Amino acid sequence: MFTNGRSGVKFREGTGGIVPYVHAEAYAKGGEFIPDAITIGPNDDAAAAKTALESFLATKGLFGFLKGDRVKISSSKTPYRP
């Protein structure tokens, strides 16, 4: 894992090359960061990736039947390259 100290962007090895990301905690109450939107990057199983993200957000109180969609989830338009 590599870090760009100025922007906070980190990089990790992915199956198709280097993957940039930003590490941020997701909090529903009393925290510092609640994302407005998350874009799911290109992958070989978009439906599973969306379900996993929804499940993760639900554990943080940010997604679910009674919570509404507090975080907008979208998929990248970039095509997946295996």
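All figures in this text were calculated on a predicted structure; none of them were measured in a lab.
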Next on the checklist: Between I73 and L57, is the side-chain contact (heavy atoms from CB on, under 4.5 Å) condition met? List the steps.
Outcome noted: CA-CA 10 Å; I73 299 172; L57 292 173; 3.9 Å; yes
Item to check | Gap separating the CD1 atom of I18 from the CZ atom of R12, nearest 0.5 angstrom | outcome: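 Rounded to the nearest 0.5 Å, the CD1-CZ separation comes out at 11.5 Å.
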Checklist entry - Is F11 reachable from V22 through a run of hydrophobic residues whose side-chain heavy atoms are each under 4.5 Å from the next? => result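 Hydrophobic grouping puts V22 with F11.
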Under 3.5 Å, which donor-acceptor pairs do the side chains of residues 33-44 form with other protein atoms, sequence neighbours left out?
from : atom 1 : to  : atom 2 : distance (Å)
T39  : OG1    : S74 : OG     : 3.4
N43  : OD1    : D45 : N      : 2.9
N43  : OD1    : A46 : N      : 3.1
N43  : ND2    : G41 : O      : 2.9

